[in-house]
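Worksheet: one structure, shown below.
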There are 2 protein chains.
Amino acid sequence: MATGRSHRPATRSRGIPEATVARLPLYLRALTALSERSVPTVSSEELAAAAGVNSAKLRKDFSYLGSYGTRGVGYDVEYLVYQISRELGLTQDWPVVIVGIGNLGAALANYGGFASRGFRVAALLDADAALAGRLVAGLPVRHIDELEAIVVDNQVSIGVIATPAGAAQEVTDRLVNAGVTSILNFAPTVLSVPDGVDVRKVDLSIELQILAFHEQRKAGEGRQEPDGDVPAVMPA
Amino acid sequence: MATGRSHRPATRSRGIPEATVARLPLYLRALTALSERSVPTVSSEELAAAAGVNSAKLRKDFSYLGSYGTRGVGYDVEYLVYQISRELGLTQDWPVVIVGIGNLGAALANYGGFASRGFRVAALLDADAALAGRLVAGLPVRHIDELEAIVVDNQVSIGVIATPAGAAQEVTDRLVNAGVTSILNFAPTVLSVPDGVDVRKVDLSIELQILAFHEQRKAGEGRQEPDGDVPAVMPA
DNA sequence: ATGTCTTTGTGAACGCGTGCACAAAGATGG
DNA sequence: CCATCTTTGTGCACGCGTTCACAAAGACAT
């Protein structure tokens, strides 16, 4: 069983650090807002504040892309928008399929952030035949049987999984088999994928549990946790 | 002299590394599955495979919680479930409010992973008066005007924001003002919060853009990117 | 009891990411 | 043209997280 390795062994010499890649969309969003207000240039300090990061970090991030700023002035907003878009691959069209059109799938289909960034929803798929043909976000839901044909015909390389946990692995296998090489997984499952396929997961439950941990710590700030508190269950 | 003084090992004290905290829910999920299959014990190797991580990492993670394993045997599943649950604060009840009952908010309200982990949806809130009273996931949607009263009455400390971007900051301010100290933000905005308030954000668009970056790299593996490709827009 | 075998727990090394602090670059004004 | 001022780009050091590799611990058989 090939466990899905989401991280490459080592960054190439020409590679942009993963942490930087993860922040580029953040910068892009802030820059887009500036662009809409017709702001011509922005300093690293201002942009960093808008994106919620440290200015030194932002400058270092940009330094991986090249020297796009002007000392004493700042960065040209339009130019930077283009450079980051190009680096992220957003200047091209990315057809996407969404599998599992429940509440979450419908929310994703309706999400405006997709189309505005070069992502085009090629199809909505669901296993429930009763849903077939119903319009969601202006698109007809199609039956999961059509998955392979749709992926091939539209050259879909990105799949979004919004199915129940039990169906996620099978859907993944079918997507990968049909040619999908990037998967965004909303199902609470660890997916196995062959090498060369990227998986990112978004897990609502995990995020909440992390918040709960910090919340608990905040609540128990002063008092000491009774460490000897052991449950009835003991190791055999 | 590169090697400085070892100020504090930071091991035995109360500090669990953030990276470890983020993985505990993952382990917990795998352990729960084992528990339901009545598996009594599990080795670090097996559990790591189920959680999709390295076994050495898992053992080190557990070492921050204490020595809960038995050498030569592995970990007692039930005992470990309890210890992780306690560490994450899941043995207590966490009332949660969800603000913004669109498709996404409805999806969150219906998500089973909430209730099963000690999270209880105290209320669903929306600014649209037309939604008020409608049942979503068995709960009536209530108007945003009731936010403060609901937070106070139910001692809500965790808020989930599923509103449009434009409303997110205002909702955040009101939540924080009413006593919420942890926020899970699904709106594509950088939130400003006072010290002591934790914010975690989940951003669909950003995840997709990161995938697009890697996808683009995969597509252009062999050929060289024309680096001199510059748009018409140039810095002033 | 003793030896063997399995698996944990962890010391140590390494690599990545972050932030400081400053020199270099360029704008701007006299 | 020169001085000054602003802001970038980056060398460097530090700390966190990951991984390796192995000694210690215990189970189990004889």
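Below, all heavy atoms of this structure are taken into account, side chains as well, without hydrogens, waters or symmetry copies. If you're wondering where the values come from, they're calculated on a predicted model, not measured in any experiment. First the proteins, then the strands, lettered A, B, ... as listed; each starts at 1.
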Any donor-acceptor N/O pair, [X] side chain to [Y] backbone, under 3.5 Å:
X      : Y      : answer
B/W94  : B/V121 : no
A/E215 : B/I158 : no
B/K57  : B/A48  : no

key: Any side-chain heavy-atom pair of A/L108 and A/F186 under 4.5 Å   =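 Side chain of A/L108 against side chain of A/F186, heavy atoms only: contact under 4.5 Å found.
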request  = Examine C/dT10: is either OP1 or OP2 under 4.0 Å from a nitrogen or oxygen in the side chain of B/K60? Give yes or no.
outcome  =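 No, B/K60 has no side-chain N/O under 4.0 Å of OP1/OP2 on C/dT10.
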Test of ring centre spacing under 6.0 Å for A/Y75 and A/F62 =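 Aromatic pair counts; centres sit under 6.0 Å.
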query = Taking protein heavy atoms under 4.0 Å as touching, what does nucleotides 2-8 of chain C look like 5' to 3' if B marks base contact, S marks sugar-phosphate-only contact and - marks none?
reply = ----BBB
request  = Mind checking which stems touch DNA chain C? I mean at least 3 consecutive Watson-Crick or G-U pairs, both distances under 3.5 Å.
outcome  =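 The stems are C:1-30 with D:1-30.
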ask   = So which one's nearest nucleotide on DNA chain C is more toward 5', A/A56 or A/A19?
value =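 Its nearest nucleotide being more 5', the pick is A/A19.
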Atom [atom1] of [X] and atom [atom2] of [N]: how far apart are they, to the nearest Å?
X     : N      : atom1 : atom2 : answer
B/K57 : D/dA21 : NZ    : C1'   : 17 Å
B/N54 : D/dA21 : CG    : C1'   : 12 Å
A/E18 : D/dT18 : CD    : P     : 14 Å

inquiry  = Rounded at 0.5 Å granularity, tell me how far CG in A/L24 sits from CD1 in B/I210.
reply    =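 Answer rounded to 0.5 Å: 9.0 Å.
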key: Flag for A/S44-A/R59: side-chain donor and acceptor within less than 3.5 Å   =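 Distance-only check passes for A/R59 and A/S44.
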